[in-house]
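Below is one structure, written out as structure tokens; comments come after it.
Proteins get letters first, then strands, A, B, ... in listed order; numbering begins at 1 in each.
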Amino acid sequence: MAVQLDPQLLEILRCPAPDRGTLSPGTPGDPEAEVLTCAECGRGYPVRDGIPVLLLDEAVPADGGDPAEQ
Amino acid sequence: MTEPAFLDAIRKSYDTVAEAYVELVVPPAGMDPLSRAMLAAFAELVRTADLGPVADLGCGPGRITAHLTALGLSAFGIDLSPRMIELAQQAHPDLRFTVGSTTALDLSDGELGGILAWYSTHHTPPEHLPTVFAEFHRTLAPGGHLLLGSHIGNYEIRRPTEGYGGHPVSFESHLLPADRIAELLSAAGFHVTARLVQEDEDRPGREGIAVVARKPRD
């Protein structure tokens, strides 16, 4: 199911990486993915049970690699 | 890019104690009158300035987030512990919560009308507090208010091995003097407007502080 977030919250949420990019639901390849993707760095943040997890350690890098190796 | 290691200990500890915390820690209605008065005064300052929503940083199970909402604020919560946030979202389905870190906030610049950091920053080693307070300053709107509650002391570091009824914990608590906390806030660009120092009812000989600070408008 696509990410459903309160629009007002989504407006002020940003990527915690230094670029502070805006976040959009889904990934470039899968708009339905339960992920928020940063418009600047491309990191993907999981949304678990409707709750965004906006931690750098849990971000999936733009190339889809292992977050632990970033 | 990775996060400082101390964050992992805080996250794991609060994931472990989350249910016990809800049971053992008094909700806002049961707090001492002075602490509640500080929360009410903060809510009035933020309502009057009307500059944006309030972030409850280190919100735990979200009860104070809900208390601020009841005081007329548009409040949401952020906590490092996914389990705490799960409990917060279950208990308060109408409010918004995210898992995030005060060392690198998941929020845009200058959009918050207020920040509440209620007994959450004392787990941050003092050398990381400038980063955290810079994040508070970055995300607050000019004219926005911060209310910070914390244990205080003479630079003692507590390393409890269990808490909240015998559950294992691995976080540290750093007890800074009130003056040092105010200095660090000033160094981050805040104007400290008020401080309440009071006895810790549950821990004889220890004190807590509630600091009100404002991000200047210029």
Side-chain angles (χ1 to χ4, degrees), chain A, chain B residues 1-8 10-12 15 51-55 57 59 62 65 74-90 92-113 115 131-132 134-135 138-141 144:
Chain A
M1 195 180 86
V3 175
Q4 303 279 341
L5 280 182
D6 175 51
Q8 279 176 316
L9 181 67
L10 198 53
E11 210 169 285
I12 64 166
L13 286 184
R14 291 290 182 280
C15 174
D19 53 72
R20 314 265 175 230
T22 54
L23 298 167
S24 309
T27 64
D30 180 6
E32 298 288 302
E34 298 207 41
V35 170
L36 290 174
T37 301
C38 173
E40 298 293 327
C41 67
R43 283 182 179 84
Y45 295 89
V47 179
R48 298 189 182 122
D49 297 325
I51 297 168
V53 179
L54 295 166
L55 295 171
L56 291 169
D57 279 356
E58 302 217 13
V60 177
D63 61 10
D66 182 344
E69 288 172 14
Q70 275 288 288
Chain B
M1 184 177 293
T2 55
E3 290 159 345
F6 71 92
L7 295 176
D8 198 47
I10 299 173
R11 179 164 41 220
K12 285 193 177 123
D15 275 352
L51 295 167
V54 172
L57 301 179
C59 66
T65 323
S74 169
F76 64 96
I78 300 178
D79 201 278
L80 254 184
S81 157
R83 183 63 188 141
M84 280 290 198
I85 288 297
E86 213 179 308
L87 294 177
Q89 193 67 78
Q90 280 168 15
H92 309 287
D94 296 340
L95 301 183
R96 295 289 159 255
F97 298 94
T98 67
V99 178
S101 172
T102 54
T103 53
L105 280 172
D106 48 326
L107 297 169
S108 58
D109 295 357
E111 297 279 348
L112 297 177
I115 290 177
T131 304
V132 169
E135 281 292 90
R138 174 181 72 76
T139 53
L140 265 181

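Checking B:Thr98, B:Asp106, B:Val99 one by one against A:Leu55, the side chain to side chain contact (heavy atoms under 4.5 Å, CB included) holds for a single residue, B:Val99.
Annotation: the span from B:Glu111 atom CD to A:Glu11 atom CD amounts to 7.0 Å, rounded to 0.5 Å. Remark: A:Asp49 CG to B:Gln89 CD distance equals 9.5 Å, nearest 0.5 Å.
Closest non-hydrogen pair, A:Pro16 versus B:Ala104, comes out as CB-O, 3.2 Å.
Proximity to chain A (any heavy atom under 4.5 Å) is restricted, for B:Leu105, to the backbone atoms N, CA, C and O. In this structure, chain A has no heavy atom under 4.5 Å from any part of B:Ile78.
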Take B:Leu7 and A:Asp57 through the test side chain to side chain contact (heavy atoms under 4.5 Å, CB included) and record every step on the way to the result. CA-CA 10 Å; B:Leu7 295 176; A:Asp57 279 356; over 6 Å; no
Assess whether side chain to side chain contact (heavy atoms under 4.5 Å, CB included) is satisfied between A:Ile12 and B:Leu112, documenting all intermediate values. CA-CA 9 Å; A:Ile12 64 166; B:Leu112 297 177; 4.1 Å; yes
Side chain to side chain contact (heavy atoms under 4.5 Å, CB included) for A:Asp6 and B:Phe76? Distances and angles first, verdict last. CA-CA 11 Å; A:Asp6 175 51; B:Phe76 64 96; over 6 Å; no
Stepwise side chain to side chain contact (heavy atoms under 4.5 Å, CB included) check, A:Leu13 with B:Leu107: CA-CA 5 Å; A:Leu13 286 184; B:Leu107 297 169; 4.0 Å; yes
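Counting heavy atoms of neighbouring residues, nucleotides and ligands inside a 6.0 Å radius, atom CD of A:Gln8 does not exceed 12 of them.
With respect to the salt-bridge test (charged N to carboxylate O, under 4.0 angstrom), the residues B:Glu135 and A:Arg20 qualify.
Considering only heavy-atom pairs separated by less than 4.5 Å from chain A, the leading option among B:Ile85, B:Leu80, B:Thr139, B:Asp8 is B:Ile85.
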